Visitor: 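Got a structure here, written out as structure tokens. Questions coming.
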2 protein chains.
Amino acid sequence: MLTEAARVFLQRLERFGTLGAADKQALQVLVQHPAVHEAKTDVFHEGDERRELHIVLSGFFCRYRLLADGSRQILAILLPGDLCDPNLFSKQPYDFSVGALVLGRTAALSRLPLHDLFRRPGVARAFASTRHFDDALSREWLVNIGRRSSEQRILRLFSELTWRLEALGLLTGNVVTLPLLQADLADAVGLTHVHLCRTLKQLQTGGLIRPERGRIVLHDVAGLRKAVGVWPSYLAGLISVAPPPQAPEAPRRQLASAVEPLPI
Amino acid sequence: MLTEAARVFLQRLERFGTLGAADKQALQVLVQHPAVHEAKTDVFHEGDERRELHIVLSGFFCRYRLLADGSRQILAILLPGDLCDPNLFSKQPYDFSVGALVLGRTAALSRLPLHDLFRRPGVARAFASTRHFDDALSREWLVNIGRRSSEQRILRLFSELTWRLEALGLLTGNVVTLPLLQADLADAVGLTHVHLCRTLKQLQTGGLIRPERGRIVLHDVAGLRKAVGVWPSYLAGLISVAPPPQAPEAPRRQLASAVEPLPI
DNA sequence: CGGGTCGTTGAGTGGGGTCAACACGGGTGG
DNA sequence: CCACCCGTGTTGACCCCACTCAACGACCCG
């Protein structure tokens, strides 16, 4: 019999491929110590020693860092099944914090047995895929914050979340509600909450989203994804949906030629 | 007999701990296919299949992504010893490109044997540490670009590079020259090259840096680090530097030797 | 000498930040 | 049931940091 925690964990690991029965058996016994976290409380905090590996069971969590002047940068939004710490085997104290954005639950598993479990090819592959997905998202975020307008940043974040929720089976139909505060969104996309509010209002007139108190309703997921345009590369292997036709690749030899519009 | 390529690679892996003689023996035979890369040419390009694992031997490289509007976001700056691809075992095509910022060299090693080599605890530990360092840097960049002023972003990037160069033994005195174009710096910190130029000029009056054509001279590394203030958390375990035991002259020559190709 | 790359500078604009006040709603306690 | 409070969202006024467009300058190399 599978606890709910083990089920969420294994489902996540199997998202990109399948695990053998023995793999699953070995993994599920690790999942322990369920815990409830109120919104705005930390699972662990920057500077803490790395002990158990926490995984999200329900709710929305985030990795974040606080700066000396009190501002916060959210590094990633964590959904059910996600690992709070991308670095399974690091011995360093955490250099970031993880906190709950809304009421949610986590489980914890000890890291030590993982070392041995990595001998199993299926287990290693599953963690590697999860890891790659996590990394691809963080690259996406860096590009987003570094080079895109406030509207684009927000739309892309929403789009990302719709894909991830869909992969979890938490998106049915064309509507979804994100239980996120505007202040949280602002810290995720690198804006102030005031400007984020204004931009949301503008987007609202576009008809794709509706801000409500304490949440954002995306009432046209398909339209939102279309507005963002691309099939994000981080989805590779995540969702078994045929990608739409892609624009041709940029020429590859010289950076310069790749930056400029195609010649002729 | 250790090739230079193997030496650079092993030195990097040993930065956070030591490898057994057998580990090193097994790893060094993987290092092959040295290649020279002109500035502004790619090692690989977004969309390419992941084949060999490239490592930097000399020069400055970067991971980057190009956007539809032609703008570029640099995701990381790669120094000698760094792995071009943080995801050793991913099977997905690359979702970013790696290119040379100045003339430099790489080696390539096949990924397949790595799977087996990870059975060796020392090898697994070394790669995990390298990996953790890479991740910590990318978190740092996200915070930098998301929440800091242009001056701070630039100073922090410079400071980061001084620490990393020091760890490589490429920083001996209080002065170091970064062979980076202003356009590259701008794409690394998420600014336009015009504004970056102006900010550099302001910083110049602060007396810590001097922009020259095609490079930035940091002529007060200690002062720069002090201005940035903190001992960055990503350094944990990286540097056990006692002040250079015997200051050998000509610090600039050493950097130059890393930037310019040695006889091949 | 010419052309290409890289850097610098100016003028003008606007996106986004800051500060501050207020509105709204949901909880809590009297 | 109302009064109050606190967390959250909204709006206005103002400003300035950073972007844009454009031209020019400096340097390098053939």
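These numbers were taken from a predicted model, which means no experiment stands behind them. When reading the values below, keep in mind they use all heavy atoms of this one structure, side chains included, and skip hydrogens, waters and symmetry mates. Chain A is the first sequence line, chain B the second, and so forth, proteins listed ahead of strands; every chain is numbered from 1.
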Visitor: Any Lys/Arg nitrogen of B/Arg72 or B/Asp184 sitting under 4.0 Å from an Asp/Glu carboxylate oxygen of the other?
Guide: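 Judged by the 4.0 Å cut-off on N to carboxylate O distance, B/Arg72 and B/Asp184 do form a salt bridge.
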Visitor: State, to 0.1 Å, how close A/Ala107 and A/Leu57 come at their nearest heavy-atom pair, and which atoms those are.
Guide: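 Closest approach of A/Ala107 to A/Leu57, heavy atoms only: N-CG, 3.8 Å.
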Visitor: Can you find a heavy atom in the side chain of A/Glu52 that is under 4.5 Å from one in the side chain of A/Thr106?
Guide: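 With C-beta onward as the side chain, the pair stays apart.
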Visitor: Identify the two heavy atoms, one from B/Arg65 and one from B/Leu75, that lie closest to each other, and give their separation to 0.1 Å.
Guide: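 Looking at all heavy atoms of both residues, the shortest contact is CG-CD1, 4.2 Å.
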Visitor: Take the C1' atoms of the five end pairs on each side of the helix from C/dC1-D/dG30 to C/dG30-D/dC1, get both axes, and report the angle to 10 degrees.
Guide: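 Between the axes fitted at each end of the helix from C/dC1-D/dG30 to C/dG30-D/dC1 lies an angle of 30°.
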Visitor: Supply the atom-to-atom distance A/Ser150 OG to A/Leu191 CG, rounded to the nearest 0.5 angstrom.
Guide: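 The CG atom of A/Leu191 is 5.5 Å from OG of A/Ser150, to the nearest 0.5 Å.
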Visitor: Which residues, if any, of residues 199-212 of chain A bring a heavy atom under 4.0 Å of DNA chain D?
Guide: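 Per residue number, the list reads A/Lys201.
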Visitor: Where is the tightest heavy-atom contact between A/Ile154 and A/Leu196, given as atom of each residue plus distance?
Guide: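 Closest pair (atom of A/Ile154, atom of A/Leu196, distance): CD1-CD1, 3.9 Å.
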Visitor: Confirm from the modelled atom types if B/Arg198 and C/dG10 form a donor-acceptor pair under 3.5 Å, side chain to base only.
Guide: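 Side chain to base: pair present.
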Visitor: Give the rounded distance in Å between these two atoms: CZ of A/Arg213 and P of C/dC24.
Guide: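 Atom-to-atom, A/Arg213 to C/dC24, this comes out as 12 Å.
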Visitor: Pairs of donor and acceptor atoms involving the side chains of residues 200-209 of chain A, under 3.5 Å and at least two apart or interchain, shall be tabulated with distances.
Guide:
unit_1: A/Gln202; atom_1: NE2; unit_2: A/Glu151; atom_2: OE2; d: 3.4
unit_1: A/Thr205; atom_1: OG1; unit_2: A/Gln202; atom_2: O; d: 2.6

Visitor: Could you tell me the separation between the CG atom of B/Leu101 and the C1' atom of C/dT5, rounded to a whole number of Å?
Guide: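 So the two atoms are 16 Å apart, to the nearest Å.
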Visitor: Give, for atom CG of A/Leu161 and atom CG of A/Leu168, the distance between the pair rounded to the nearest 0.5 Å.
Guide: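 One gets 10.5 Å once the value is rounded to the nearest 0.5 Å.
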Visitor: Can you tell me if B/Gln73 uses its side chain to pair, donor with acceptor, with the backbone of B/Tyr64 under 3.5 Å?
Guide: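 Not confirmed, B/Gln73 side chain does not pair with B/Tyr64 backbone.
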Visitor: Going 5' to 3' along DNA chain D, which are the first and last nucleotides with any atom under 4.0 Å from a heavy atom of chain A?
Guide: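 With heavy atoms of chain A under 4.0 Å away, the range is D/dG7 to D/dA13.
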Visitor: State, to 0.1 Å, how close B/Ala108 and B/His54 come at their nearest heavy-atom pair, and which atoms those are.
Guide: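 Looking at all heavy atoms of both residues, the shortest contact is CB-ND1, 4.0 Å.
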Visitor: Working to the nearest 0.5 Å, report the span between CG of A/Asp95 and CG of B/Leu137.
Guide: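 Reported value, rounded in 0.5 Å steps: 10.0 Å.
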Visitor: Test your reading of the model: is there a side-chain donor-acceptor pair from B/Asp42 to the backbone of B/His45, 3.5 Å cut-off?
Guide: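 No: the side chain of B/Asp42 does not pair with the backbone of B/His45.
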Visitor: Return the value, rounded to whole Å, for the distance between atom CD1 of B/Ile216 and atom P of C/dC6.
Guide: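 Atom-to-atom, B/Ile216 to C/dC6, this comes out as 13 Å.
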Visitor: Let's see if you get this right: which residues in residues 141-151 of chain A place a heavy atom under 4.0 Å from DNA chain C?
Guide: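 Heavy-atom cutoff 4.0 Å gives A/Ser149, A/Ser150.
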Visitor: Between CZ of B/Arg164 and CG of B/Leu78, what distance do you get to the nearest 0.5 Å?
Guide: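 If we round to the nearest 0.5 Å, B/Arg164:CZ and B/Leu78:CG are 7.0 Å apart.
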Visitor: Distance check, rounded to the nearest 0.5 Å: B/Leu157 atom CG versus B/Leu180 atom CG?
Guide: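 Interatomic distance, B/Leu157 CG to B/Leu180 CG, rounded to 0.5 Å: 7.5 Å.
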Visitor: Nearest 0.5 Å, what's the CZ-CG distance between B/Arg12 and B/Leu83?
Guide: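 Answer rounded to 0.5 Å: 6.5 Å.
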Visitor: Any residue in residues 187-197 of chain B with a heavy atom nearer than 4.0 angstrom to DNA chain D? Just list them by number, or reply none.
Guide: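 DNA chain D contact set from residues 187-197 of chain B: B/Gly190, B/Leu191, B/Thr192, B/Val194, B/His195.
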